[in-house]
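The structure appears right after this line, and notes come after that.
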Amino acid sequence: MTTSVKIDGRGPASSDAAPRRRWWSGWPDWSGYVAAVWSLLYGAAGVYWSLGGAKYPFAHVAMERSSGSILEPSRAEVVAPVIAVVGLAGSVAGVLMARRWGNGRSRRLLLVMGWAQAVTYCLVLPDYTLLAIVIFAPLFLVFAFTGVPGEQDGIGDILFWHRNNLVILFIGGVLWALASLAYQRRSRGLCVRCGRGGRAAAWTRPEAVERWGRKAVLVSVLSSIPYEVTRLAWYFGYPLGITDAFLKDMQETEGMLEIGLGLGIASALGSLLTHGLVHRWGEVWPRWVWFKAGKPVALGTAIIPASLVAAVLIPGGVMMIRGGNQPQGWGTNYPAMLWVVWGAALAAATLCYYLRRRGACQYCSRD
C-alpha cells in the first residue's frame, strides 16, 4: 500500500481511508475568498460613507451610544475614503492569496497586508464590547425574550450600531488571520492544516512546550488577580483603588456591585479552567463532570472558548490603557490594563495545549 503525503491540504494522507470532512475543515481553501468578499463589502460601505451616506460607525454620538474604538470619534470625509481603499485592496489581496499567487517580494507584501488587517481588525480597532458579549451572552439571550431591566428599551440600547460594527470588524480580522495563515503555510511548503512539513522549531518540541506552557498559565492566572481582588473588595465595602465617593455611588446604584462581584467570580473560575490546559483533567473529563467522566476532552472544547476569550481580552485591555488615569482611582482602569497580558498569556497556553494534543495530522500523516 502506498501513502501519499499532501502538503497543500487538498486531500487525505491515505488513499485507502479518506477521513470524514466537515465544511470548516476546508478553511485553507475558502478563507481567502471569504476574506476578499468581506473586504469588498466593507470597502463598499466606505464608499457609501464617503459620499455622505448615513450610519458612519465612527461618528461622534452621545456618550451612551458611543464605543471605545480608537477611530471614534472621527470624520467620515477623512476616514471613510481610507476604508474604501483598504477594502478594495483587501478584496484583491484575498483572491490572490486564495489562488496562491505571488513569490518573493509580492508574497511578502501579501502576507504583510493580510496580517496587518487581521491584527488591526481583531486587536486594535475594537473596544471591550466583544468581551462584554462573551461574558454576558447568557443574559442577552434571556433579555431577548424578557426585555432589558431598567431604563433600557430592549437589546438595541445595549448592542447598538457603533458597537455592532466592532463585532463585524472582529469577524473580518478572524477571516484575514485564517487567509494569511493558509497562504503563509502554502508559501513555505507546509501542510496548511497542521503547519508541519519543515524542520520542527525547538520551541515546539514536547519538553519545551511543557515548560513554556506552564509559565504561560502562571502569567495568565497572576494577571487576572488584581481585577478579581478589587471587585471583591468593593462588594464588601472596601474602596480598594477607588475613592469613597465612587464606592458610595456604586452602592447606591442597584445591581452594580453585584455585577462586579459576578465578573470577579467569573474571572476566577476562568483562571481555574486555564490550569486544565497543562493538566491531565484538561485532556480527560474528571469525575466531577459525571456525564463525561473518563472520556477524552475534544480539542475544540478547550481551544475554541480559550482562543475566543484570549482574543477579546486584548482589545479590552488596549482600550483601558488608552483611558489612562481615571478620577475615580487606579482600581477602575489599571487592573483591566492587564487584560492585554492576560489575553496574550492565555493565547500562549492555548497554543501549548494544541501542540501537546494535536497528534498525527490526518491530511499529511505527520506527527
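Just so you know, these numbers come straight off a predicted model, no measurement behind them.
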Can you hop from [X] to [Y] via hydrophobic side chains spaced under 4.5 Å?
X      : Y      : result
Ile314 : Ile303 : yes
Tyr48  : Val82  : yes
Val341 : Leu218 : no

Is there a side-chain contact between [X] and [Y] in this structure, where contact means two heavy atoms from C-beta onward sitting under 4.5 Å apart?
X      : Y      : value
His275 : Val221 : yes
Met250 : Ile242 : yes
Leu130 : Val134 : no
Lys55  : Asn165 : no
Leu96  : Tyr183 : no
Leu351 : Trp212 : yes
Arg211 : Trp203 : no
Ile259 : Met256 : no

Rounded to the nearest 0.5 Å, what separation is found between the [atom1] atom of [X] and the [atom2] atom of [Y]?
X      : Y      : atom1 : atom2 : result
Leu125 : Leu71  : CG    : CG    : 5.0 Å
Ile304 : Thr301 : CD1   : OG1   : 7.5 Å
Cys191 : Gln362 : SG    : CD    : 9.5 Å

Between [X] and [Y], is any side-chain donor less than 3.5 angstrom from a side-chain acceptor?
X      : Y      : result
Tyr56  : Ser74  : yes
Gln184 : Ser180 : no
Trp176 : Ser39  : yes

Does [atom1] in [X] sit with more than 12 non-hydrogen atoms of other residues, nucleotides or ligands closer than 6.0 Å?
X      : atom1 : result
Tyr235 : OH    : no
Tyr128 : OH    : no
Glu254 : CD    : no
His279 : NE2   : yes
Arg358 : CZ    : yes

So, Trp49 versus Phe58, ring centres under 6.0 angstrom or not?
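No, too far apart.
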>> Using a strict threshold of under 4.0 Å (side-chain N to carboxylate O), is an ion pair present between Arg205 and Glu207?
In response: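 Result for this pair is no, no salt bridge flagged.
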Side-chain (Arg356) to main-chain (Leu277) donor-acceptor, under 3.5 angstrom
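Yes, Arg356 side chain to Leu277 backbone: donor-acceptor pair under 3.5 Å.
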### Query
Would you call the rings of Tyr121 and Trp38 parallel, tilted or perpendicular, where under 30° means parallel and over 60° means perpendicular?
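Taking Trp38 first and then Tyr121, their aromatic rings sit tilted (interplane angle of 30° to 60°).
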